[in-house]
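A quick write-up on the structure given underneath.
Chain letters run A, B, ... following the sequence lines, proteins first and then strands; every chain starts at 1.
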Amino acid sequence: MSHLPRRKLILHQHQRAPRAVVLVSDTFSDTDETLLSEHAIAPLNNIAAAWSEVSSTNVAAIRSSTARMGSYIANSYTQSVISTATPNVHITAKLYHYNHSAIQNSLIGRVSDESHYWQVKLVTTQIKLIERNGSITERAAAAASLSDAFYDTELTLDGNSIRGKVNGISVSYESALFNAVTQHGFELTIGSNSWALALAQVDSFLMETVP
Amino acid sequence: MKARILTPWSGSGKEDDPFRPRLADDHKLVRWKDVTAQPAANLQPDPNLFVVEVEATAEALAAIESDSQYLILWSE
């Protein structure tokens, strides 16, 4: 009888912590001008998924091994998503940041349509966590000093916890809104400046489960 | 420093004018987040008030404290 607690302890020591599973990893290596909707996700696609556009006034296309806005159309946007089987994901990607409101790149999660989703966005000198629920509501923000460059950007959707992080600076919010929706991706937006076209870009998109 | 502060909402919920705390327009904050979680469908509420948790410098908090539009509930 006295040995039973010891055996239980040994069993606990052999239990493994849950690990994240990579759903997709896309480095956007493809022929220039390939539409993102026709691009094969690589190097990892563990859910046989493809990119699709939720809604857009522009298109996303491959250029120089990044996903970019396809052409210059003033004040246009494109939302590209991947359907998964889970609303709980951790997304990382390199988003280009430019210190001007004419260029706004973001990660979007739990996207049910073009105006309902969570978003972590780089806007001039701020990182914003935004609820798009018909209207647009900023739920959290943090000041950031960013140069014109690619930044590792994260969006984590874990139950009611919504978290964003850019360059080590985090924002967070608690909400059950959209928590059964399983499409996630990114959004590119350009304003009325044609030079913004070259800066609306995302690279190294990785989406994994939340353990 | 951290604080919880009562602020009105600002904005119309549009792309170029999102709903946001007026406090963030008027004062320099390191970070803020909505801790009231008022549903977007009810914005702006009447009375137009909600609570944000902020991180800010001592100087910024002193400026907020002297601004009659805002009420600091606690700070540490």
Relative to chain A, which segment of E15(B) carries a heavy atom at a distance below 4.5 Å: side chain, backbone, both, or neither?
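For E15(B), backbone and side chain are both near chain A.
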
Tell me whether the rings of W118(A) and Y173(A) are parallel (<30°), tilted (30 to 60°) or perpendicular (>60°).
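W118(A) vs Y173(A) ring planes: tilted.
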
Under 4.0 Å between a Lys/Arg side-chain N and an Asp/Glu carboxylate O for D34(B) and R139(A)?
yes

Output yes when E131(A) and K121(A) qualify as a salt bridge under the 4.0 Å nitrogen-oxygen rule, no when they do not.
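Judged by the 4.0 Å cut-off on N to carboxylate O distance, E131(A) and K121(A) do not form a salt bridge.
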
Please confirm whether Y70(B) and H27(B) have ring centers closer than 6.0 angstrom.
yes

Name the option with the most non-hydrogen atom pairs under 4.5 Å to chain B; the candidates are N133(A), I130(A), V171(A), I136(A).
I136(A)

Among S175(A), G134(A), S170(A), single out the residue with the greatest number of heavy-atom pairs under 4.5 Å to chain B.
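Ranked by heavy-atom pairs under 4.5 Å with chain B, first place is S170(A).
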
